[in-house]
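Values below: all heavy atoms of this structure, side chains included; hydrogens, waters and symmetry mates excluded. Atoms within each ligand, like the ligands themselves, are counted from 1 in listed order. Numbers here are sequence positions counted from 1.
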Amino acid sequence: MTRDIRDDIGHWVRPEIRALSAYHVPDPGRCIKLDAMENPYGWPDELVDAWLARLRGVPLNRYPDPSARRLQDSLRAAMDVPADMGILLGNGSDELIQMIAQTVAAPGRTILAPEPTFVMYRLIAQVTGMRFVGVPLRDDFALDTDALLEAVGREQPAVVFLAYPNNPTGNLFDAEAVRRILVEAPGLVIVDEAYAAFASDSFMGALGRYPNLLVLRTVSKMGLAGLRLGLLAGPPAWLNEIDKTRLPYNINVLTQASAEFALKHRAVLDEQTARIRADRAVLFAALQALPGLTVYPSEANFILFRTPAGRADDVFAGLRERGVLIKNLHGAGGALRDCLRVTVGAPAENTAFLEALRALL
Ligand SMILES: Cc1ncc(COP(=O)(O)O)c(C=O)c1O
């Protein structure tokens with residue numbers, strides 16, 4: 001008797017999971033990697049030596065501190081979390097998005113976000129069995145405030161996600177519109193500030209003023225993407241509930257020790273992010289000077305641009321052939337038709353990207 005694995009899968013795997021594609025990360029090979037909003041800089045040798053010396057003392061045979069107390073204190077200071085607000089840590093902010101969804105998920109419940117935006121909001125809604133409602137941004141990627149408020153009233157979402165600045169468009173939404181959403185939304189509003197290190201505004205200082213506001217941060221874009229560490233800040237009553245969905249010991253000992261060490265030497269990271277902000281302006285101006293591109297202003301460490309109609313796929317492939325990997329968003333369609341996104345790299349990487357792009361246009 002043979003048992004067909006496809007029958008078992010057809011019977012047991014939830015239809016909404018079968019309909020999904022796993023989150024795909026392309027192999028960069030030997031390409032210059034400008035696709036994932038990483039900080040391109042390493043640390044000076046003496047700092048690497050001091051970090052390795054610190055790791056020597058980390059007991060790998062013991063479970064980590066389950067709530068990572070010391071790390072929480074360092075993050076609170078580094079990210080200006082108000083003293084009366086709680087902190088919850090995740091294995092990347094991705095994990096915190098999942099924990100938020102798991103906390104409120106029930107049949108018929110909705111997660112709402114403007115679109116295009118960070119794709120994990122939709123994916124995690126689907127995985128947790130929730131509805132996802134996307135409200136289109138305007139042509140210039142600004143919030144369509146009326147449409148969004150109308151959708152909030154109609155859908156009564158359990159959670160609204162606002163990436164501030166938004167990925168992949170790079171812009172900050174109008175702060176007054178965000179405040180109106182905070183007042184009118186019946187459930188949680190998560191202001192996702194993954195790119196705070198590169199942005200000119202933040203809602204961290206507004207925590208406590210709105211009982212339904214939580215602010216999401218990550219150390220990934222500051223230069224610590226390999227550690228997988230995100231932070232959710234907000235009223236302790238909310239965080240205590242979300243904490244119940246957290247798997248024990250989700251922040252491993254190496255991440256706890258390394259992040260604490262890095263935050264003690266934060267000046268190095270701050271100097272790197274300042275350099276990236278300055279190089280963003282140089283890259284923006286150079287892109288604008290190229291023929292046929294529409295380049296969108298950015299408050300993050302990446303820049304979105306639109307190629308001449310029908311050219312995104314071949315420009316993306318041509319860059320790859322010339323050894324530069326960026327992100328092709330054309331396949332998402334809609335407002336991202338003909339769009340590519342490049343992460344701000346080190347100056348030599350940006351130059352190599354621009355030279356390859358110039359040759360292709
Ligand atoms: C808006 C936004 N939020 C969250 C994340 C996830 O960051 P991480 O899981 O590395 O903390 C990203 C990653 O690209 C993002 O763009």
Side-chain angles (χ1 to χ4, degrees), residues 23-26 28 33-40 68 71 75 78-79 87-101 111-125 127 132 134 137 141 143 159-173 178 188-199 201-204 214-233 246-247 250-252 255-256 258-259 262-263 269 273 276 296 298-304 325-329 332 336 339 341-344:
Y23 188 82
H24 173 67
V25 179
K33 198 170 181 306
L34 299 178
D35 66 330
M37 285 80 95
E38 292 145 329
N39 170 339
L71 176 55
L75 285 165
M79 297 193 174
I87 287 178
L88 202 56
L89 301 185
N91 189 323
S93 46
D94 285 343
E95 190 187 40
L96 290 161
I97 296 168
Q98 187 178 49
M99 284 160 57
I100 292 163
I111 287 179
L112 185 143
E115 276 195 314
T117 192
F118 184 43
V119 293
M120 292 307 286
Y121 307 145
R122 178 186 279 274
L123 188 71
I124 287 171
V127 167
F132 180 87
L137 292 171
F141 300 126
L143 270 188
V159 187
V160 177
F161 281 101
L162 298 171
Y164 191 81
N166 190 34
N167 171 17
T169 59
N171 56 317
L172 281 174
F173 297 135
V178 175
L188 283 172
V189 177
I190 313 297
V191 176
D192 179 348
E193 299 188 342
Y195 301 95
F198 311 98
D201 193 30
S202 165
F203 273 78
M204 192 64 93
L214 304 181
V215 173
L216 190 60
R217 292 278 185 97
T218 177
V219 302
S220 296
K221 323 295 173 182
M222 293 164 48
L224 302 170
L227 293 183
R228 306 303 298 130
L229 179 65
L231 170 148
L232 185 64
R246 188 170 61 88
L247 293 176
N250 62 331
I251 312 300
N252 71 72
T255 293
Q256 291 195 27
S258 302
L263 292 171
L269 298 178
T273 46
I276 293 166
Y296 295 94
S298 171
E299 298 249 4
N301 62 339
F302 59 83
I303 296 174
L304 184 79
L325 179 64
I326 64 169
K327 177 85 175 174
N328 185 359
L329 297 157
L336 293 176
C339 281
R341 185 194 68 200
V342 62
T343 302
V344 182

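Protein heavy atom nearest atom 12 (C) of ligand 1, with residue, atom name and distance: Phe118 CZ, 3.4 Å. Remark: minimum distance from atom 1 (C) of ligand 1 to any protein heavy atom is reached at Asp192 OD2, 3.4 Å. For atom 9 (O) of ligand 1, the closest non-hydrogen atom of the protein is Arg228 NH2, 2.9 Å. For atom 7 (O) of ligand 1, the closest non-hydrogen atom of the protein is Ser93 OG, 3.1 Å.
Here the rule is side-chain contact (heavy atoms from CB on, under 4.5 Å) with Phe302, and of Asn167, Thr169, Val344 only Asn167 fits it.
No donor-acceptor distance shorter than 3.5 angstrom exists from the side chain of Asn301 to the backbone of Ile276, with no hydrogens or angles considered. In this structure, the side chain of Arg341 does not engage the main chain of Ile326 through any donor-acceptor pair within 3.5 Å. In this structure, the side chain of Gln256 engages the main chain of Ile251 through a donor-acceptor pair within 3.5 Å.
When each atom of ligand 1 is checked for a heavy atom of Gly92 under 4.0 Å away, the hits are 9 (O), 11 (O). Proximity to Ser220 (heavy-atom distance under 4.0 Å) selects the following atoms of ligand 1: 8 (P), 10 (O), 11 (O).
Contact annotation: for Asp94 versus ligand 1, heavy atoms closer than 4.0 Å belong to both the backbone and the side chain.
Across every non-hydrogen atom of Ile111 and Ala101, the tightest pair is CD1-CB, 4.0 Å.
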Show me, pair by pair, the donor-acceptor contacts under 3.5 angstrom made by side chains of residues 215-233, not counting sequence neighbours?
from, atom 1, to, atom 2, distance (Å)
Arg217, NE, Glu193, OE1, 3.0
Arg217, NH2, Glu193, OE1, 3.0
Arg217, NH2, Ser202, OG, 3.1
Thr218, OG1, Ser220, N, 2.9
Thr218, OG1, Ser220, OG, 2.9
Thr218, OG1, Leu229, O, 3.3

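Ligand 1 is never approached by Glu95 to a heavy-atom distance shorter than 4.0 Å. Within the 4.0 Å heavy-atom cutoff, Lys221 counts among the residues contacting ligand 1.
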Just do the ring-ring contact (aromatic ring centres under 6.0 Å, His included) check on Phe118 and Phe161 with the steps written out, would you?
-> CA-CA 9 Å; Phe118 184 43; Phe161 281 101; 9.1 Å; no

